[in-house]
Amino acid sequence: MGQLCGKCAQLLQQFVSLVRKMSSSLVQNIKECLALICECCCCLRRKSSDSRQLYKPILQPHEKESAQEFLQHIETGCEMSPLAKESLEALRTLAFSENPGLQQSAALYYLHMSQHWNTQLPAEHLEAFDALLRSSDLEVLQIASLSLVNFLLEGNVNKELVVQMGLLDPILELLEFNDSTVQCNSCACIMTLAISESNQQAIGSAGGVIPLLALANSYDPRVQQNAVGAILNLTQSEPIQQLLRREGALPILILLLQSPDSEVQYYSCAALSNMAAKPQHHEVLLQIGDSFLLWALLSLLSSSVDKVNCFVIFPTANIQANIVAMDILPQLLPLLVSSNTEVQQASITLLWILSQHLANQNTLICDELLQSMGKLLLTRKTDPVIVGHAACIIKNLSLSKSIQKIIESPCVEGLLQAILTTEIHEESLHYVTSCLAALAKHEGATLHLLDWMDESLMSCLVRLAGQMERAEPSFQAASIIKHMLAHEKAVSILKAHVSEVQHYLVKFLSHQEIRFQQLGISTLCMLQKDPAFSTAFRQSELMSSLEQVRQQTEEIQELLKVVTGHAEPAS
């Protein structure tokens with residue numbers, strides 16, 4: 001290439017000068033821009049361990065002194081009571097330090113305390129936790145949050161006080177921290193705190209619902225379990241239920257029913273059960289995914305994990321037919337003989353709810369169901385939930401056309417054995433006697449009851465009939481006895497209890513309720529056909545009680561004639 005002429009060489013020199021001038025200005029602008037960004041307190045927050053290594057705070061003299069004294073106590077094996085003023089001040093100094101190493105020392109000591117402490121932690125220590133939970137060091141956050149979880153689980157920290165001291169805000173902030181361990185621990189804290197009713201409201205007001213719902217979809221199983229467990233505890237509050245519904249919790253919980261994690265399945269199912277206890281939620285629950293909830297619950301019934309099946313979702317009458325139509329019975333029957341008590345109770349409770357709907361009764365009644373319930377009554381006759389609900393189911397099904405199936409099943413024996421059990425619960429006794437009294441109205445059932453009737457059973461029924469403080473069981477037991485009196489065997493067994501029968505009949509005749517009077521009179525009429533009873537009754541106060549009833553009846557008839565205008569009142 002040839003040399004440039006003078007004019008071109010001058011132009012090139014001017015271009016080089018221009019580029020140098022522009023480069024210098026550009027570099028200066030870049031420096032000024034970076035300086036402004038670095039001065040911003042909101043950006044470039046050091047949330048990772050790598051960025052924290054760039055900052056090395058200066059160790060203050062008082063911090064160094066406190067750390068040395070604190071470590072000296074530990075290294076020399078001296079028993080340093082956390083309750084002592086000196087130890088508390090040392091821990092506070094370490095916790096509020098900007099030095100990660102000192103904060104880690106305080107966090108580790110609190111972790112040690114949480115594993116060995118067996119008394120209430122003084123409120124003053126919660127101030128140190130406030131500093132540790134706001135630390136910029138990852139390890140401090142992990143250790144401090146874990147120690148707080150331990151304190152809460154062991155009951156060594158007052159749950160309401162934790163919220164009152166302002167620890168809820170840093171705990172909720174940790175839900176959004178980009179570390180699974182910190183998220184797991186913070187969710188566990190919220191789950192434990194949410195047991196308290198006042199804390200539930202505080203968590204909802206502080207915006208804790210949304211991050212919990214986000215973590216319910218976490219890929220970390222520990223985080224997901226604790227997040228859904230926290231949501232479960234929050235569903236105990238009706239106002240929080242409304243908040244959860246508005247924030248889209250229902251679809252999330254329904255999808256979690258198909259989680260491979262049994263704990264997540266259980267928590268989400270229990271949470272939905274709490275929500276379904278409110279009828280206003282039913283329509284929304286069923287609309288999600290075209291009744292996907294019912295299909296998901298149905299699939300849970302065949303789950304190999306027992307505790308997942310421990311659910312009761314309370315369907316209204318218009319939903320029950322849909323559930324039965326989904327062929328739920330074959331999947332419910334194996335649960336009645338489960339080894340898990342809660343599974344048995346939940347299953348029989350659901351069957352009781354379904355049996356209340358008249359359209360379901362003919363579908364539900366079958367030999368397999370009656371056999372299972374009969375065995376359940378015989379083996380779990382002291383369980384009030386099982387005995388009470390089984391009696392209600394049998395009574396509901398006795399209204400169907402298949403009453404003969406019930407009569408021939410072991411259910412009758414199971415109910416009779418339940419009556420003979422002295423430990424039977426008051427409410428269960430009411431349901432059992434009511435069911436047997438309803439069955440005794442059928443001649444076939446009366447004959448079957450007669451096969452089981454012996455001295456011990458008759459004695460039990462007579463005793464119950466005389467216990468007027470138990471109004472319903474007393475009435476129903478007397479009703480069973482009356483229906484049995486059409487058969488000589490029952491009358492013969494009853495002769496050993498003449499005085500007891502007289503005793504309860506006198507009470508019935510003087511009872512304020514007409515149904516008791518009517519039952520007493522009808523029983524008396526049937527027993528007077530037997531010479532032994534007739535003779536005994538004539539020699540007792542029973543006749544005078546009967547005369548009083550007659551006089552009262554005549555007076556009522558006279559008054560009725562006056563009221564209806566068939567007679568003039570006597571002057």
Side-chain angles (χ1 to χ4, degrees), residues 273 277 310-317 319-321 323-324 328-329 332-333 335-338 341-421 423-442 445 448-449 461 464 470-477 479-480 483:
S273 179
C310 299
F311 74 96
V312 180
I313 183 166
F314 298 97
T316 53
I319 305 173
Q320 295 178 23
I323 297 177
V324 174
I328 193 175
L329 193 58
L332 271 178
L333 291 177
L335 303 182
L336 293 177
V337 294
S338 168
T341 302
E342 292 181 351
V343 172
Q344 291 179 325
Q345 291 177 343
S347 304
I348 202 163
T349 303
L350 181 57
L351 279 170
W352 164 63
I353 295 169
L354 297 176
S355 70
Q356 295 176 9
H357 192 36
L358 185 62
N360 294 335
Q361 292 170 1
N362 288 327
T363 305
L364 290 176
I365 192 167
C366 63
D367 293 335
E368 293 82 0
L369 174 62
L370 296 175
Q371 290 291 329
S372 298
M373 284 203 304
K375 293 177 182 178
L376 196 58
L377 280 168
L378 292 171
T379 56
R380 302 297 305 280
K381 52 189 175 184
T382 60
D383 188 315
V385 176
I386 289 177
V387 172
H389 284 118
C392 291
I393 292 171
I394 296 168
K395 185 178 179 180
N396 290 338
L397 296 181
S398 67
L399 301 175
S400 69
K401 300 178 182 179
S402 304
I403 181 66
Q404 192 62 31
K405 290 184 178 181
I406 296 177
I407 295 172
E408 297 172 355
S409 74
C411 290
V412 176
E413 179 188 359
L415 293 171
L416 294 174
Q417 291 297 322
I419 280 187
L420 293 171
T421 303
E423 298 88 356
I424 188 170
H425 191 267
E426 179 75 25
E427 190 174 7
S428 300
L429 179 63
H430 163 61
Y431 293 136
V432 171
T433 53
S434 177
C435 178
L436 286 171
L439 290 175
K441 295 177 182 178
H442 301 273
H448 195 62
L449 288 172
L461 290 172
L464 288 174
R470 295 175 165 182
E472 284 305 316
S474 172
F475 181 85
Q476 302 299 347
S479 179
I480 296 170
H483 288 295

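Numbering starts at 1 and runs along the sequence shown. Side chains included, hydrogens not; waters and symmetry mates left out as well; all remaining heavy atoms used.
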Please tabulate, one pair per line, all N/O donor-acceptor pairs under 3.5 Å involving side-chain atoms of residues 385-395, not counting sequence neighbours.
residue: H389; atom: ND1; partner: V385; partner atom: O; Å: 2.9
residue: K395; atom: NZ; partner: S434; partner atom: OG; Å: 2.7

For residues 364-373, tabulate all N or O donor-acceptor pairs below 3.5 Å that involve a side-chain atom, not counting sequence neighbours.
residue: S372; atom: OG; partner: E368; partner atom: O; Å: 2.9

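Distance check: T341 OG1 to D383 CG gives 7.0 Å after rounding to the nearest 0.5 Å. The line from CG of L436 to CD1 of I480 is 4.5 Å long, rounded to the nearest 0.5 Å. The CG atom of L354 lies 11.0 Å from the OG1 atom of T349; values are rounded to the nearest 0.5 Å. Going from atom NZ of K405 over to atom CG of L397 covers 10.5 Å, rounded to the nearest 0.5 Å. Atom CG of residue L351 and atom CG of residue N396 lie 11.0 Å apart, to the nearest 0.5 angstrom. The distance from atom OG of S409 to atom CD of Q404, rounded to the nearest 0.5 Å, is 10.0 Å.
Scanning all heavy atoms of the two residues, the minimum distance from L377 to C411 falls at CD1-O, 3.9 Å. A pairwise comparison of heavy atoms in Q476 and A437 identifies OE1-CB, 3.1 Å as the closest pair. The shortest heavy-atom contact between L378 and K381 is O-CD, 4.0 Å. Closest non-hydrogen pair, I403 versus S398, comes out as CD1-CB, 3.6 Å.
Not counting sequence neighbours, the partners of Q344 by the side-chain hydrogen bond (donor to acceptor under 3.5 Å, both in side chains) test are R380. Shown here are the salt bridge (Lys or Arg N to Asp or Glu O under 4.0 Å) partners of E427, two or more places apart in sequence or in another chain: there are none. Partners of H448 under the side chain to side chain contact (heavy atoms under 4.5 Å, CB included) rule, at least two apart in sequence or in another chain, are I407, V412, D451, W452.
Looking at L464 and R470, their side chains come closer than 4.5 Å, going by heavy atoms from C-beta outward. Looking at E426 and P384, their side chains never come closer than 4.5 Å, going by heavy atoms from C-beta outward.
Looking at Q361, its side chain does come within 3.5 Å of a backbone N or O of S355 through a donor-acceptor pair.
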